[in-house]
Amino acid sequence: MIRTATPADVPFVHAMIRELAEYERALPEAKATEEQLHDALFGEHPAVFGLIAEEGSGERVGFALWFRNFSTWRGTHGIYLEDLYVRPEKRGGGHGKALLTELARICVERGYQRLEWSVLDWNEPSIGFYKSLGAVPMDEWTVFRLTDGALAELGSEPR
């Protein structure tokens, strides 16, 4: 079952983000706090939306966090999937596909024309899974990122 995240899910989502960061070999980069997540998801101006995957027993086994983006080429919004994670022992049970299916349903329902996300080059199981759903890699595009000192330095340049 897939449902919308509630404020009571914030500790679970926070723990799952840390599990994902550990899986992706980047745990020191996972600095978000539960308070930050709560504000982003449920504050005065929510910027992120969450889905929770549950088994029939009500056990939470996965999550997806997403936000709206915009395609200037298509002239419509889309969804950028920031994180999708299913606990390793629960993989293969259809939870990941159910989360992506719900995101695709939201896109179709709202007239969004893209559902996009990033995946690490070495994550072959996920890449194979995404391709099996019809997703295609954007091999001609490279993600760039500014963080920490480089971001602060550029952001303090005079106008």
Approximate separation, where rounding is to 0.5 Å, of [X] [atom1] and [Y] [atom2]:
X: T4; Y: I52; atom1: OG1; atom2: CD1; value: 9.5 Å
X: R105; Y: E102; atom1: CZ; atom2: CD; value: 4.0 Å
X: L41; Y: L65; atom1: CG; atom2: CG; value: 6.0 Å
X: I127; Y: L120; atom1: CD1; atom2: CG; value: 8.5 Å
X: I79; Y: W66; atom1: CD1; atom2: CH2; value: 4.0 Å
X: L84; Y: F129; atom1: CG; atom2: CZ; value: 7.5 Å

Quiz item: Cationic tip of R87 within the cone over F12's six-membered ring, i.e. under 6.0 Å and within 45° of the normal?
Solution: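 No, a cation-pi geometry is absent between R87 and F12.
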Side-chain heavy atoms of [X] within contact of [Y], under 4.5 Å:
X: S132; Y: K97; answer: no
X: R25; Y: W122; answer: yes
X: E54; Y: R3; answer: yes

For [X], the rest of its hydrophobic cluster, which grows through side-chain links under 4.5 angstrom:
X: M138; result: W73, W141
X: F70; result: none
X: L146; result: L151, L154

Where do [X] and [Y] come nearest, in terms of heavy atoms and distance?
X: H38; Y: P7; value: NE2-CB, 3.8 Å
X: V86; Y: G96; value: CG2-N, 3.8 Å
X: A8; Y: P11; value: O-CD, 3.6 Å
X: S118; Y: V143; value: OG-CG2, 4.2 Å

Practice problem: Go through the steps for E116 and L81 under the test side chain to side chain contact (heavy atoms under 4.5 Å, CB included), then give the verdict. | Solution: CA-CA 6 Å; E116 298 180 310; L81 173 58; over 6 Å; no
Exercise. For R60 and E55, run salt bridge (charged side-chain N to carboxylate O under 4.0 Å, His left out): C-alpha distance rounded to whole Å, both residues' side-chain angles, the deciding distance at 0.1 Å, then the answer.
Key: CA-CA 7 Å; R60 295 172 295 189; E55 294 199 320; over 6 Å; no
Taking [Y] as the starting point, is it possible to reach [X] by hopping between hydrophobic residues whose side chains are less than 4.5 Å apart?
X: V119; Y: L20; result: no
X: I2; Y: V48; result: no
X: V10; Y: F49; result: no
X: F63; Y: W117; result: no
X: Y23; Y: M16; result: yes

Quiz item: Between Y112 and S71, do the side chains contain an N or O donor and an N or O acceptor separated by less than 3.5 Å?
Solution: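 The criterion, which ignores hydrogens and geometry beyond distance, is not satisfied for S71 and Y112.
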For the pair [X] (side chain) and [Y] (backbone), establish whether a donor and an acceptor sit closer than 3.5 Å, ignoring hydrogens and angles.
X: D39; Y: Q36; value: no
X: H95; Y: Y85; value: no
X: N69; Y: G78; value: yes

Exercise. Any chance you could lay out the side chain to side chain contact (heavy atoms under 4.5 Å, CB included) test for E153 and D148, step after step, and finish with the verdict?
Key: CA-CA 9 Å; E153 185 177 334; D148 303 325; over 6 Å; no
Quiz item: Is E59 atom CD crowded by more than 12 heavy atoms from other residues, nucleotides or ligands, each under 6.0 Å away?
Solution: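 Yes, the 6.0 Å shell around CD holds more than 12 heavy atoms from other groups.
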Exercise. Could you walk me through whether I106 and L115 pass the side chain to side chain contact (heavy atoms under 4.5 Å, CB included) test, one step at a time?
Key: CA-CA 10 Å; I106 292 168; L115 172 55; over 6 Å; no
